There are 2 protein chains.
Amino acid sequence: MAATILVVEDEPAIQELIAYNLKQAGHNLLKADNAEQAMHIVQTALPDLVLLDWMLPGISGVEFARRLRADRRTKQIPIIMLTARSEEQDKLTGLETGADDYVTKPFSPRELNARVKAVLRRRAPQVTDDVVRLGGLDLDPASHRVSGNGQPIELGPTEFRLLHFLMTHPERVHSRAQLLDQVWGDHVFVEERTVDVHIRRLRKALEPSTLDNLVQTVRGTGYRMSATL
Amino acid sequence: MAATILVVEDEPAIQELIAYNLKQAGHNLLKADNAEQAMHIVQTALPDLVLLDWMLPGISGVEFARRLRADRRTKQIPIIMLTARSEEQDKLTGLETGADDYVTKPFSPRELNARVKAVLRRRAPQVTDDVVRLGGLDLDPASHRVSGNGQPIELGPTEFRLLHFLMTHPERVHSRAQLLDQVWGDHVFVEERTVDVHIRRLRKALEPSTLDNLVQTVRGTGYRMSATL
DNA sequence: CCGGACCGTCACGGACCCGTAACATTGCGT
DNA sequence: ACGCAATGTTACGGGTCCGTGACGGTCCGG
């Protein structure tokens with residue numbers, strides 16, 4: 001539960017307030033009061049979470065977030081943005097840019113802690129190279145092998161990455177766009193329906209093990225990996 | 001708890017009275033004595049609450065409220081209306097228009113403060129994707145799963161959003177128009193009776209868990225989610 | 001150069017869901 | 001008790017979303 005958190009905030013008072021509370025909650029704190037400094041810290045320390053003030057001198061919070069998202073090493077670091085007003089516009093821009101949540105000033109320490117906790121919990125399943133086991137499925141990223149109920153399963157590269165992602169983020173609905181981002185990679189221009197086809201191929205490959213119903217459709221939303229049966 | 005409040009009132013004496021009291025309570029005050037002026041302030045300052053006299057020269061309070069509700073940026077700003085008469089008609093019109101509460105003149109400062117406090121506290125709970133539990137129902141936005149008394153429940157997309165909204169705003173009556181706004185989205189042209197049908201479908205889906213009576217009808221007003229039984 | 005593996009797209013058909021109307025029922029005022 | 005209005009309930013047509021098979025293209029290794 002203890003995490004390294006970077007706070008990017010130019011007002012010393014607010015930064016102190018945040019830092020105090022998060023230290024109380026058992027986190028390690030890093031501080032920056034502008035985007036350049038923050039960028040440097042991110043590159044070297046790779047924090048688990050960034051608390052980002054939306055209004056910054058020099059490079060804005062929006063731009064900073066965009067740069068984080070552009071780099072493969074930092075793209076999955078969650079961002080909580082701090083915004084002065086509860087303006088709908090900011091929220092939209094923020095969420096589009098890739099912020100995971102937002103907190104409007106003024107905020108209570110309790111609220112801040114709750115959000116931080118939620119975001120960290122949400123990102124909990126870290127992508128590792130460990131063997132993933134779930135619901136009778138075994139997937140080994142190192143050897144690139146998959147087996148269902150002991151029987152080996154043959155998968156193409158894309159289906160493998162797809163299954164890997166789904167298994168490491170189970171019990172959670174992923175939109176086709178999210179799957180394209182996470183499995184195909186950013187900035188690829190591929191029809192969303194393509195996801196359907198690969199889901200189909202994945203299911204077909206899981207059929208012999210009668211594990212194909214682990215991959216479930218949530219109509220109007222996306223796909224989900226069930227953890228049981 | 002400190003909030004920015006806009007007072008729209010044409011009688012200087014009453015405006016002063018209100019302003020004095022609310023400043024004492026620690027709020028930031030904005031004042032307007034007609035609707036045009038008020039509209040301008042709202043657009044630029046985005047207050048947290050509007051105290052609105054129902055009888056105004058020029059554009060009436062009703063019309064002003066309607067305009068607030070028409071704009072996406074201002075539609076969720078709560079409104080407390082001040083009405084001279086305690087006539088049932090005014091209350092109904094007001095609540096239909098989207099006022100959150102009303103205070104009838106003459107009122108005591110104590111009552112006014114109480115109402116303001118209540119409305120601010122009541123402000124829409126922030127939408128998070130945390131699991132919602134209530135009265136035996138579990139709803140998980142992330143995995144898009146619902147269960148009642150442990151048994152899984154199948155819902156269509158609309159019923160899911162409907163139940164989600166009701167569970168996050170329980171013990172409160174929602175008119176059909178409000179439900180259409182919140183669940184269907186803005187600017188959709190859908191018959192209000194459609195809400196009835198989806199309520200029906202939701203109840204039917206909850207029947208197997210004998211939780212269907214959690215969704216209650218308030219005749220002449222709308223629907224409400226009960227927190228118990 | 002050829003063939004296989006893999007991928008992205010498309011088209012078709014079916015399943016599902018939604019909005020509406022029409023009818024049945026309930027609740028409330030008189 | 002009666003009648004009106006509000007709500008419950010059901011059925012249906014249309015539209016959207018999704019599963020599925022097929023097709024052409026690309027990339028490599030032989």
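The structure presented is a predicted model; accordingly, all values stated were derived computationally and were not measured. Residue numbering restarts at 1 for every chain, and letters A, B, ... go by the order of the sequence lines.
- More than 12 heavy atoms of other residues, nucleotides or ligands lie within 6.0 Å of CZ in B:Arg176, so this atom counts as buried by the packing criterion.
- Atom pair B:Asp196:CG and C:dC23:C1' shows a separation of 14 Å (rounding to whole Å applied).
- When heavy atoms are screened at a 4.0 angstrom cut-off, B:Phe160 is found touching no nucleic acid atom at all.
- In this structure, CD of A:Glu207 is placed 13 Å from P of D:dG19, rounded to the nearest angstrom.
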Per-pair distances, 0.1 Å, donor-acceptor, side chain in residues 146-160 of chain B, under 3.5 Å, sequence neighbours excluded:
residue, atom, partner, partner atom, Å
B:Asn149, ND2, B:Ser209, O, 3.2
B:Glu159, OE1, B:Gly156, N, 2.8

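- Contact between the side-chain N/O atoms of B:Lys204 and the OP1/OP2 oxygens of D:dT9 is not found at any separation under 4.0 Å.
- Here B:Thr217 pairs with B:Arg203 under the side chain to side chain donor-acceptor pair (under 3.5 Å) rule; sequence neighbours left out.
- In this structure, A:Arg176 atom CZ and D:dC17 atom C1' are separated by 8 Å, rounded to whole Å.
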How would you summarise protein contacts on nucleotides 10-21 of chain C per nucleotide, using B for base, S for sugar-phosphate only and - for none, with heavy-atom distances below 4.0 Å? B----BBSBBBB
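- Residue pairs satisfying the ring pair (Phe, Tyr, Trp, His ring centres under 6.0 Å) criterion with at least one member in residues 202-229 of chain B, sequence neighbours excluded, are absent.
- Taking only side-chain nitrogens and oxygens, A:Tyr223 never comes nearer than 4.0 Å to OP1 or OP2 of D:dC17.
- One can place CZ of A:Arg203 at 16 Å from C1' of D:dG21, the figure rounded to the nearest angstrom.
- By the side chain to side chain donor-acceptor pair (under 3.5 Å) test, A:Glu191 pairs with no residue at all, sequence neighbours left out.
- For A:Ile199 and D:dG21, the CD1 to P distance is 16 Å, given to the nearest whole Å.
- When the side-chain nitrogen and oxygen atoms of A:Arg200 are compared with OP1 and OP2 of D:dT20, one or more of them lie within a distance under 4.0 Å.
- At whole-Å resolution of the value, CG in A:Leu180 and C1' in C:dT9 are 13 Å apart.
- Contact check, B:Thr217 against D:dG8: a side-chain N or O comes under 4.0 Å of OP1 or OP2.
- Looking at B:Asp138 and B:Arg133, a side-chain N of the basic residue comes within less than 4.0 Å of a carboxylate O on the acidic one, giving a salt bridge.
- Partners of A:Arg219 by salt bridge (charged side-chain N to carboxylate O under 4.0 Å, His left out), not counting sequence neighbours: none found.
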